[in-house]
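What follows is one structure encoded as C-alpha cells, with my remarks underneath.
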Amino acid sequence: YDGPITIPVVVNVIENSEGQVSDAQINSQIAILNEDFNNLNPNTSKVPNEFASLVANYNITFTLSKISRKTSSKNSWGTRDAMKSSKKGGIDATDTSHYLNIWVCEIGGGILGYAQFPGGPTSTDGVVISTNYFGETSGAYGDGRTATHEVGHWLNLRHIWGDGGCSVDDYVDDTPISDGPNYACPEYPTVACGSNDMTMNYMDYVYDDCMYMFTVDQHTRSRALFASDGFRSSFVN
Ligand code: ARG
Ligand code: ZN
Ligand code: CA
C-alpha cells in the first residue's frame with residue numbers, strides 16, 4: 001500500500017506530583033510527528049547534497065484519538081513495560097491493532113524513550129517516552145524527536161549503525177554503514193567505515209535539532225508493514 005496512512009494515537013499519561021503533562025504538550029507532540037513523517041521538518045533544507053535525493057516522505061498522518069491519565073507516586077518505571085499494565089500501576093494498551101499507543105511516564109535512568117518492534121506481543125505494542133522529552137519542552141531533546149525516533153522503531157527501523165560495527169547493517173540499503181551512534185550535533189562530513197555518516201537521520205542519536213530525515217529505503221521497509229500480509233495491515237483496512 002502506497003497512499004496516505006492515518007494512524008490514530010492513544011496517549012497514556014502516568015503523572016506524579018512533579019511531572020504533569022499538559023494537553024498542549026500532547027498536541028505539540030502530535031504536530032511534531034506530523035511534520036517529521038510528512039517531510040515538513042524545516043531543518044530538512046540542511047540535508048547535504050549527497051543525501052538530498054534520499055529524503056523520504058512517509059505520508060503518515062497521526063491523529064489524537066484519546067488521552068488516558070492516571071496518577072502514580074512511582075517516578076522510575078524502567079524499560080520492562082510495567083507502565084503498560086494496570087495490574088502494575090500503569091495503563092493497559094488500547095487496541096494496538098488500530099491505535100498507536102504512546103505511554104508518557106518517568107522512565108528513569110536517563111532514558112529518553114523506548115519502543116517495541118513490530119511482531120511483538122500486542123498487549124505491549126507501542127512506544128514509551130519519558131515525560132521531559134515528550135512534545136515541545138526545552139533543551140537539546142526538547143523538540144519532540146524522541147517520539148519520532150521511537151515511532152521509527154515501531155515502524156520497523158533499526159538504528160542506522162545497525163547496533164554493531166562496520167560489518168553490521170540496519171537492513172536499509174541507502175543508509176551508509178556506520179560503526180556506532182553519533183551524538184550532539186555532528187559536522188558534515190562525519191566519516192565512519194569509509195563513508196559519510198547520515199548523522200541527520202532520525203534513527204541516529206544526535207540532538208533533536210540535528211535530526212531531520214528518513215530515507216526512501218527506510219520508508220520502503222516501514223511501508224511493507226502495511227501490505228496485506230504485513231504486521232500493521234489492520235491500520236489500512
Ligand atoms: N535512546 C533512545 C533509543 O534508542 C532515543 C534516542 C532519541 N534521540 C533524540 N535525539 N531524541 O530509542
Ligand atoms: Zn532507538
Ligand atoms: Ca544501511
Side-chain angles (χ1 to χ4, degrees), residues 25 28-29 32-33 35-37 41 43-44 46 50-51 53-56 77-81 83 100 102-118 120 124-186 190-222 224:
Q25 193 178 345
S28 73
Q29 182 62 75
I32 291 157
L33 287 170
E35 280 188 10
D36 293 350
F37 284 89
N41 180 336
N43 285 342
T44 301
K46 297 187 196 166
E50 179 187 1
F51 302 135
S53 65
L54 304 177
V55 175
W77 284 87
T79 54
R80 297 184 61 186
D81 297 336
M83 71 292 285
L100 162 62
I102 302 181
W103 285 267
V104 183
C105 61
E106 222 52 81
I107 299 173
I111 293 162
L112 283 62
Y114 76 95
Q116 181 172 302
F117 285 104
T124 49
D125 193 26
V127 308
V128 184
I129 311 293
S130 229
T131 314
N132 293 339
Y133 309 108
F134 182 72
E136 206 65 70
T137 57
S138 62
Y141 301 102
D143 295 327
R145 303 243 142 74
T146 299
T148 302
H149 175 108
E150 302 310 335
V151 172
H153 287 312
W154 185 81
L155 290 170
N156 213 20
L157 301 184
R158 308 280 158 159
H159 294 135
I160 52 157
W161 67 99
D163 294 307
C166 295
S167 62
V168 182
D169 195 16
D170 61 353
Y171 311 112
V172 170
D173 286 340
D174 62 4
T175 53
I177 288 280
S178 182
D179 60 347
N182 294 288
Y183 296 100
C185 204
T190 294
V191 180
C193 312
S195 56
N196 296 335
D197 268 4
M198 191 184 279
T199 64
M200 62 295 300
N201 194 284
Y202 291 117
M203 301 316 289
D204 206 335
Y205 268 3
V206 297
Y207 290 159
D208 281 11
D209 198 39
C210 305
M211 43 171 61
Y212 33 84
M213 69 179 287
F214 289 116
T215 69
V216 169
D217 289 345
Q218 284 178 318
H219 180 213
T220 302
R221 181 174 169 81
S222 293

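We count ligands from 1, going down the list as the structure has it; atoms in each ligand are counted the same way. No experiment lies behind these values; they were computed from the predicted model shown. Only heavy atoms go into these numbers, but all of them, side chains included; no hydrogens, no water, no symmetry mates. All residue numbers in this chain count up from 1 along the given sequence.
- The shell of residues lying under 4.0 angstrom from ligand 1, judged by heavy atoms, includes Y205.
- Atom 9 (C) of ligand 1 has its closest protein heavy atom at D208 OD1, 3.3 Å.
- No side-chain donor-acceptor contact under 3.5 Å links T190 and D197.
- In terms of protein heavy-atom proximity, atom 10 (N) of ligand 1 is closest to V206 O, 2.6 Å.
- Nearest heavy atom pair, residue V206 against residue P186, reads CG1-CD, 3.5 Å.
- Checked for salt-bridge contact, D36 and R145 meet the test: a charged N lies under 4.0 Å from a carboxylate O.
- H159 has its closest N, O or S atom to the Zn ion (ligand 2) at the position named NE2.
- The number of heavy atoms from other shown groups lying within 6.0 Å of OH (Y141) is above 12.
- Polar contact with ligand 1: present for T146 (N/O pair, distance under 3.5 Å).
- When you scan the N, O or S atoms of D169 for the one nearest the Ca ion (ligand 3), you land on OD1.
- Taking OG1 of T131 as the reference point, atom CD of Q25 lies at 8.0 Å (rounded to 0.5 Å).
- The aromatic rings of H159 and W161 lie parallel to each other, with less than 30° between the two planes, well short of the 60° mark.
- Residue, atom and distance of the protein heavy atom nearest to atom 5 (C) of ligand 1 are E150 OE2, 3.1 Å.
- Seen from the Ca ion (ligand 3), atom OG1 on T175 and atom OD1 on D170 lie at an angle near 70° (rounded to 10 degrees).
- Taking backbone and side chain together, D174 holds no N, O or S atom under 3.0 Å from the Ca ion (ligand 3).
- Residue V172 counts as close to the Ca ion (ligand 3), with an N, O or S atom under 3.0 Å.
- Atoms of ligand 1 found under 4.0 Å from any heavy atom of H153, numbered from 1 in the order shown, are 12 (O).
- Ligand-side atoms of ligand 1 in range of Y141: 9 (C), 10 (N), 11 (N), range being under 4.0 angstrom from any heavy atom.
- Atom CZ of F117 is surrounded by more than 12 heavy atoms from other residues, nucleotides or ligands within 6.0 Å.
- Ligand 1 places these atoms under 4.0 Å from at least one heavy atom of M211: 9 (C), 10 (N).
- Considering backbone and side-chain N/O of H159, one or more are found under 3.5 Å from N/O of ligand 1.
- Considering all non-hydrogen atoms of both residues, I177 and C166 come closest at CG2-O, 3.1 Å.
- For the residue pair A147 and I129, the shortest heavy atom distance occurs at CA-CD1, 3.6 Å.
- With ligand atoms numbered from 1 in the order given, ligand 1 contributes 11 (N) to contacts under 4.0 Å with heavy atoms of R145.
- Of the angles at the Zn ion (ligand 2), the one spanning NE2 of H153 and NE2 of H149 is 100° when given to 10°.
- Rounding to the nearest 0.5 Å gives a distance of 12.0 Å between CE of M200 and OH of Y202.
- For I111, no heavy-atom contact with ligand 1 is shorter than 4.0 Å.
- Relative ring orientation between F37 and F214 is described as tilted, the plane-to-plane angle lying within the 30° to 60° band.
- Heavy-atom proximity to G113, at under 4.0 Å, picks out these atoms of ligand 1: 2 (C), 12 (O).
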